[in-house]
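Below you'll find the structure, written out as structure tokens, and then a few comments.
Since we're looking at a predicted model, the values are computed, not measured. Throughout, a chain's letter reflects where its sequence line sits, starting with A, and its residues are numbered from 1.
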Protein chains: 4
Amino acid sequence: MPKVGMEDERRRCLIDATMETIHERGYSEVTVAQIARKAGVSSGLALHYFGSKDQLLASTMHHMLRELGNGLRSRLANAHSPRERISAIIVANFEPHQFRDTVIAAWLAFYVQSRTNQSNRRLLRIYSMRLVSNLTVGLCHFMSREDARRVAEGTASMIDGVWLRQALRDKPGDPETAITLVEEYVSFQIEQARQNKKAAALHEAHATPDGSNTQ
Amino acid sequence: MPKVGMEDERRRCLIDATMETIHERGYSEVTVAQIARKAGVSSGLALHYFGSKDQLLASTMHHMLRELGNGLRSRLANAHSPRERISAIIVANFEPHQFRDTVIAAWLAFYVQSRTNQSNRRLLRIYSMRLVSNLTVGLCHFMSREDARRVAEGTASMIDGVWLRQALRDKPGDPETAITLVEEYVSFQIEQARQNKKAAALHEAHATPDGSNTQ
Amino acid sequence: MPKVGMEDERRRCLIDATMETIHERGYSEVTVAQIARKAGVSSGLALHYFGSKDQLLASTMHHMLRELGNGLRSRLANAHSPRERISAIIVANFEPHQFRDTVIAAWLAFYVQSRTNQSNRRLLRIYSMRLVSNLTVGLCHFMSREDARRVAEGTASMIDGVWLRQALRDKPGDPETAITLVEEYVSFQIEQARQNKKAAALHEAHATPDGSNTQ
Amino acid sequence: MPKVGMEDERRRCLIDATMETIHERGYSEVTVAQIARKAGVSSGLALHYFGSKDQLLASTMHHMLRELGNGLRSRLANAHSPRERISAIIVANFEPHQFRDTVIAAWLAFYVQSRTNQSNRRLLRIYSMRLVSNLTVGLCHFMSREDARRVAEGTASMIDGVWLRQALRDKPGDPETAITLVEEYVSFQIEQARQNKKAAALHEAHATPDGSNTQ
DNA sequence: AATGAATGAGTTTTCATTCAT
DNA sequence: GATGAATGAAAACTCATTCAT
């Protein structure tokens, strides 16, 4: 009994089923038949909607990136200072809906698999660069551009590392703890930058009390 | 062209070929035939030595864990203070031989795949717990056990995250940069703990002006 | 060219093809591809229906046992005396549809192969014990239980032996001749039992001239 | 350490190992490696001695036929009457050395497999025809040639059937019981023939009291 | 002579994809 | 649109056979 407008729901349903199947069996063991069964449709229909297994997988990754992007965008909309923007980015990566085992499993699978899949790789790098770039812009308010880049990279590494380690845990992930861990790293770096600046200014004052600028 | 006594060399050769094939094609696209071709042997021989594709993959993971463990052990042997031991653990994770694209690719593949493979999972968790435990022991010299645990987890996350992100880079990884990033995190945490302790002591002094130390 | 509702016919077709392939090539040379080709389907479909080669072979044996059982049951339904029941059992084993080269070849293959296959062995023993038990019940009307057992075993041996020898013949088997051979054995045994009984009765009469019968 | 005259022993050893392997795994599961391992030699040597797996199997069958033939010949040498010769043939088929599970298993395997192997088939038919022919010659002393053929065939069937059924039993076969079963069949047939002849003679006497012979 | 490492042809099995219904 | 029967290409795996040692 075909219904109008069913298609979008079915597609969504198949994408969810794809993530769950990756979670349950692992990326390399996923079959179209399993996904279709979990989605409650025939394997023929799954292929009909997405064209091929590869395209179904690619669409799933697209979907996940879009969800993450949407979350980030809405978090950023409510951030009104550089520091808040940095936190918004971190929090967006541990949104309860994202930081679930199913999503984590799918996410890592795509992450690793992207190494050898050009089109997925491109997508993921765009996302990843945007993340680092957003962080860098925020951090630039507190430190040199060079340092900001480095700290942004460190922050991104820590976010990704927390995800990766969560994948092997038995207990569901706790966004709070994860956020605290990353926030702490950022805060230390900002504080350190502040102290360095102060020290530099002090040293400056001592070295050139006549007000001449050595830089 | 059978040769006697070649078995160990051949096994090693096949394990290397497995890592390279994972690197080149991705875990889910690996076939025994490709591995065997790269190792310069017939697919029959690969199966003969390892029993099955699964066991070849498992043996490869075993091998990688052992290599990493050996490196860590020899680094620890030369570390003579708690702080040095912490650094030794970090450095061991970015040993030039380990921090190569081929090894990184294989490593991540197994990491993610272990989520759905019980025996691999067990292996990896043992390794992972030992890493965090070693770090915690070292950090306990500078902070409370609770904090040490948290910082050790953060350190491990950052190490894993750096690996993960390196997997998607085009340029070969730079151990120096990676080590610096992680070391900085640890140093900040230790420094922070030192300051907290000092502050606590100061506060204590105020509270008990007679100079007695209750802790 | 998929058709709905074909499954049962296809399964039956594959089972027939299995018997024919065993007949033509011998059990140890049978391949799924040959069976599928003979049945006019792809090897994938054969596996799809039966799960594995082993299960296809097991299903074929099941089918043959069921056919034989059905034949026996319908023959027994029309038998109205102990002697007729014995004959019914014998005739059922040489039903023209069963006593064909193809069926004989498959039958013997399974028989011999069951020696080393636990689940097939169980099936075949159940059938074999039922056959001997049925014969024994019938023969008990003419002789002691002990003799009946022995004669039943002899009858079964002869039936199986006739099948075995037919397998190596060039000419198609002749049910008539086969039945006569086995019937003759049974008739002799029954006749002998009758004579023994009479002799015993006579001897009894001599021993107890008053005519009383102690038996 | 090659020894002169070892070859024959090795060949014999491999043939025994072949029979045992057939017994343990079943004809269709036999591999050269298993046979060689059981014989305590390398698979290369097994092939070196026999040329190929097929030839090793064929040699094993040859060997078994020769053993059976030798046994029969020595039994016949001690038989001094037609009736004794018949018994000798029967007994030879249940010689304790022959009527063992290992030999039975191998024997049946070759029997069934011969259906589709021309050279084995030829061998087996020669043996089988000789058996029936020997029996027929013996039985001709007691009945018409036509009846003798039929009874010989029945006897052979019963012998083969007893072997076949023994293959599926758990308990080791009992030659005594087997021999009794077959002997009984032969005795009945001979006795019956004797009675028929007497009846015919009697009837003859009545019908033609003048002594004329109607053939 | 004897080994067993090595091969590669052949077999089972899986699964994405197609297509008649 | 929707199904799932059917295919066939590709993969894992087995094993007889070869051959350097």
Side-chain angles (χ1 to χ4, degrees), chain A residues 1-4 6-7 10 29-37 40-57, chain B residues 1-7 9-10 29-36 39-56, chain C residues 1-7 9-11 29-36 39-57, chain D residues 1-4 6-7 10 29-37 40-57:
Chain A
M1 293 112 206
K3 288 182 199 161
V4 184
M6 280 296 270
E7 179 155 342
R10 282 273 165 74
E29 310 301 316
V30 165
T31 69
V32 172
Q34 280 163 2
I35 294 171
R37 195 177 322 128
V41 301
S42 68
S43 60
L45 194 58
L47 272 308
H48 181 248
Y49 279 151
F50 290 91
S52 72
K53 183 192 183 184
D54 278 357
Q55 285 175 276
L56 168 53
L57 289 167
Chain B
M1 298 105 207
K3 285 179 202 165
V4 185
M6 290 292 277
E7 180 153 344
E9 191 184 322
R10 278 282 160 64
E29 309 301 317
V30 165
T31 69
V32 172
Q34 281 162 0
I35 293 172
V41 301
S42 68
S43 62
L45 192 60
L47 272 314
H48 174 69
Y49 278 150
F50 290 92
S52 72
K53 182 190 181 184
D54 277 359
Q55 284 176 275
L56 168 53
Chain C
M1 302 102 207
K3 285 179 200 164
V4 185
M6 289 293 277
E7 179 153 344
E9 191 183 324
R10 277 281 166 42
R11 289 176 70 94
E29 310 300 318
V30 165
T31 71
V32 173
Q34 281 162 1
I35 294 171
V41 301
S42 68
S43 62
L45 192 61
L47 272 314
H48 175 69
Y49 278 149
F50 290 92
S52 71
K53 182 191 182 183
D54 277 359
Q55 284 176 277
L56 168 54
L57 289 167
Chain D
M1 293 113 207
K3 290 182 201 163
V4 185
M6 280 296 270
E7 178 155 341
R10 281 275 164 74
E29 310 300 318
V30 165
T31 68
V32 172
Q34 280 162 1
I35 295 171
R37 194 176 323 127
V41 301
S42 69
S43 61
L45 194 60
L47 271 309
H48 179 250
Y49 280 149
F50 290 92
S52 72
K53 183 190 183 184
D54 278 358
Q55 284 175 277
L56 167 54
L57 289 166

- In terms of the nearest nucleotide of DNA chain E, which residue is placed more toward the 5' end: G44(C) or A46(B)? A46(B)

- Message: Closest-nucleotide mapping onto DNA chain E: is K53(C) or G40(B) further toward the 5' terminus? I mean the 5' end.
- Response: G40(B)

Take the protein atom [atom1] of [X] and the nucleotide atom [atom2] of [N], then report the distance between them rounded to whole Å.
| X | N | atom1 | atom2 | result |
| --- | --- | --- | --- | --- |
| E29(B) | dA10(F) | CD | C1' | 12 Å |
| D54(B) | dA11(F) | CG | P | 16 Å |
| R37(A) | dG4(F) | CZ | P | 12 Å |
| I35(A) | dC15(E) | CD1 | P | 12 Å |
| Q34(A) | dC15(E) | CD | P | 7 Å |
| L57(D) | dA16(F) | CG | P | 9 Å |
| F50(B) | dA5(E) | CZ | C1' | 15 Å |
| L47(B) | dC13(F) | CG | P | 6 Å |

- Message: With a cut-off of less than 4.0 Å, is there a side-chain N or O of H48(A) near OP1 or OP2 of dA2(F)?
- Response: no

I need the minimum non-hydrogen distance between [X] and [Y], along with the two atoms involved.
| X | Y | value |
| --- | --- | --- |
| Q55(B) | F50(B) | CB-O, 3.0 Å |
| E29(D) | Q34(D) | O-OE1, 3.4 Å |
| L45(C) | R10(C) | CD2-CD, 4.3 Å |

- Message: Quick one, V32(D) and L56(D) - any side-chain contact, counting heavy atoms below 4.5 Å?
- Response: no

Minimum-distance nucleotide to [X] side chain [options: [options]]:
| X | options | answer |
| --- | --- | --- |
| R10(C) | dA6(F), dA1(E), dA12(F) | dA6(F) |
| S43(D) | dG4(E), dC13(F), dG4(F) | dG4(E) |
| L45(D) | dA6(E), dT13(E), dT3(E) | dT3(E) |
| S42(C) | dT7(E), dT7(F), dA2(F) | dT7(F) |
| V41(C) | dT7(F), dA6(E), dT17(F) | dT7(F) |
| Y49(B) | dA12(F), dC13(F), dA5(E) | dA5(E) |

Who pairs with [N] - Watson-Crick or G-U, where each distance is under 3.5 Å:
| N | result |
| --- | --- |
| dT14(E) | dA9(F) |
| dA20(E) | dT3(F) |
| dA1(E) | none |

- Task: Mind checking the OG-CZ spacing from S43(A) to R37(A)? Nearest 0.5 Å is all I need.
- Result: 9.5 Å

